[in-house]
Number of protein chains: 2
Amino acid sequence: MDKVEIPKKAIYRLSLYQRCLSKLHENGKETVSSSALAGAAGVKPAQLRKDLTYFGQFGTRGLGYSVTELRDAIREALGREQLQPVIMVGAGNLGVALLRYRGFEKEGFEVVAAFDAVPEAVVSRGISVPVYGQGEVTRFIRENDVRLAILCVPGGVAQEAANELVGAGVQGILNFSPTLLQVPDAVTVNNVDLALELENLSYFVSHGE
Amino acid sequence: MDKVEIPKKAIYRLSLYQRCLSKLHENGKETVSSSALAGAAGVKPAQLRKDLTYFGQFGTRGLGYSVTELRDAIREALGREQLQPVIMVGAGNLGVALLRYRGFEKEGFEVVAAFDAVPEAVVSRGISVPVYGQGEVTRFIRENDVRLAILCVPGGVAQEAANELVGAGVQGILNFSPTLLQVPDAVTVNNVDLALELENLSYFVSHGE
DNA sequence: TCGTGTGAAGACGTTCACAGCT
DNA sequence: AGCTGTGAACGTCTTCACACGA
């Protein structure tokens with residue numbers, strides 16, 4: 001639908017910029033130059049400016065950017081204006097861990113429910129969100145208009161679980177299982193493969209001088 | 001040192017291929033074609049073949065690749081021939097979660113110890129690896145020749161912790177804190193930013209048709 | 001004939017360098 | 001004068017297409 005395709009990496013960086021802008025705002029800064037913001041985000045100034053042009057013009061030549069304006073503009077561009085409900089599918093070790101880790105909430109997401117094949121085993125683990133049986137996923141997604149899911153089930157059942165999510169209307173899956181998920185084009189999958197990241201590190205450790 | 005630079009992404013894919021090869025091996029397959037293996041890994045055949053050429057020639061024209069030979073060749077290329085010791089730095093919710101989650105061990109890594117500012121609070125959490133105070137990190141790294149660390153401390157102290165790791169000789173850091181780590185060129189940092197991944201998904205969910 | 005290995009072409013993303021606003 | 005916005009140049013990675021060996 002877009003005339004000019006926006007690089008996927010640019011979207012990642014936009015989130016990063018937003019985080020930096022929030023920090024600047026907390027520190028009382030009102031304006032910031034592309035080079036200052038880029039420095040904070042670990043990118044080159046030209047890249048930051050280019051990334052922003054994909055969404056519009058936000059700066060004032062000779063001056064820089066208004067911290068709050070740019071932050072809000074990026075928030076809008078990312079579609080993060082209202083709180084997004086997220087569900088956790090699979091509440092084993094990793095799933096429960098992520099539920100306890102509140103990193104998501106800090107950035108404006110609310111994990112509203114968790115699902116597991118054996119919910120009874122999870123309840124006792126001191127989590128604050130309700131835990132339901134796997135069979136209730138579809139109903140819950142439909143009733144609560146959930147579009148984002150975090151998938152933490154074992155690799156063997158990941159595809160099956162993903163099918164269920166997609167069928168119920170989920171449009172984005174954050175996949176922690178080491179499985180290549182097959183989903184329709186309209187659904188986005190972001191894979192976080194922890195073992196792969198470690199293996200990758202291992203290569204650079206062995207081959208660095 | 002290399003004449004031809006190997007794309008960082010190719011290294012990631014190599015780990016992926018290796019995982020697929022292990023699965024094929026379990027299923028009793030002895031040979032595999034580039035298109036079959038590429039399909040399993042979710043890439044195009046030409047890309048797989050190109051990736052392999054960075055490290056040598058492993059196939060037989062007209063036939064394909066020997067599953068075990070290719071697997072071993074990739075393992076060697078990745079420097080994964082012997083078990084790598086890894087330490088966990090920061091044993092809060094996320095750190096403990098990752099310790100419980102045995103995904104790393106499955107791929108041949110051994111988490112040998114964990115470190116936390118308040119180790120006493122962690123011991124009770126039913127983890128099998130020893131937990132030491134943060135002050136012992138340097139000694140441990142030196143004595144055990146540790147080169148890989150998983151960093152799960154809060155963002156505010158991440159840089160400080162990283163400095164300590166690097167100073168003691170760590171060469172690769174898997175960083176889960178939402179902080180841009182400043183390290184020497186010889187050290188590799190892989191960032192896993194969970195909130196960023198969710199935000200990224202959010203964009204595609206809002207903008208998909 | 002089949003499937004690998006690979007130079008060449010193409011697509012994509014980044015960086016430069018400067019025009020143009022304030 | 002200062003800093004953004006951006007076309008053009010550059011570099012990197014991916015894909016093509018075909019030569020070559022089994």
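Reckoned from all heavy atoms, side chains included, excluding hydrogens, waters and symmetry mates. Protein chains get the first letters and strands the later ones, always in sequence-line order, with residue 1 at the start of each. All figures in this text were calculated on a predicted structure; none of them were measured in a lab.
- Across residues 7-15 of chain B, B:Pro7, B:Lys9, B:Arg13 each have a non-hydrogen atom less than 4.0 Å from an atom of DNA chain D (numbered order).
- Separating the CD1 atom of A:Ile6 from the C1' atom of C:dA11 is a distance of 17 Å, rounded to the nearest angstrom.
- For A:Asn190, the side chain to side chain donor-acceptor pair (under 3.5 Å) test picks out A:Lys8, A:Tyr12, B:Glu197, B:Asn200, with sequence neighbours left out.
- Residue pairs satisfying the salt bridge (charged side-chain N to carboxylate O under 4.0 Å, His left out) criterion with at least one member in residues 159-182 of chain A, sequence neighbours excluded, are absent.
- A salt bridge (charged side-chain N to carboxylate O under 4.0 Å, His left out) check over residues 76-92 of chain B, counting only residues at least two apart or in different chains, returns the pairs A:Glu199-B:Arg80.
- With C:dT4, C:dC21, C:dT6 as the candidates, the nucleotide lying closest to the side chain of B:Thr53 is C:dT6.
- For A:Arg71, there are no salt bridge (charged side-chain N to carboxylate O under 4.0 Å, His left out) partners two or more places apart in sequence or in a different chain.
- Applying the salt bridge (charged side-chain N to carboxylate O under 4.0 Å, His left out) test to pairs two or more places apart or on separate chains, those with a residue in residues 10-33 of chain A are A:Arg13-A:Asp51, A:Arg19-A:Glu107, A:Arg19-B:Asp193.
- Atom CD of A:Glu5 and atom P of C:dC12 are 9 Å apart (whole Å).
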Sequence neighbours excluded and cut-off under 3.5 Å, please list the side-chain donor-acceptor pairs for residues 145-159 of chain A, or say none.
residue, atom, partner, partner atom, Å
A:Gln159, OE1, A:Gln182, N, 2.8
A:Gln159, NE2, A:Asn163, OD1, 2.8
A:Gln159, NE2, A:Gln182, O, 3.0

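- At distances below 3.5 Å, at least one donor-acceptor pair connects side-chain atoms of B:His207 with backbone N or O atoms of B:Tyr203.
- The nucleotide range of DNA chain D contacted by chain B, defined by atoms under 4.0 angstrom from heavy atoms of the protein and reported 5' to 3', is D:dC13 to D:dA22.
- Per the geometry, OH belonging to B:Tyr65 stands 18 Å off P belonging to C:dC2, to the nearest Å.
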Collect all protein-nucleotide pairs involving nucleotides 15-17 of chain C in which both atoms are nitrogen or oxygen and the distance is under 3.5 Å.
residue, atom, partner, partner atom, Å
C:dA17, N6, A:Arg49, NH2, 3.3

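- Near DNA chain D, defined here as any heavy-atom distance below 4.0 Å, there are no residues from residues 67-75 of chain B.
- Partners of A:Glu136 according to the salt bridge (charged side-chain N to carboxylate O under 4.0 Å, His left out) rule, which considers only residues two or more places apart in sequence or in another chain, are A:Arg139.
- Identified under the ring pair (Phe, Tyr, Trp, His ring centres under 6.0 Å) test for residues 67-116 of chain A, with sequence neighbours left out: A:Phe115-A:Tyr132, A:Phe115-A:Phe140.
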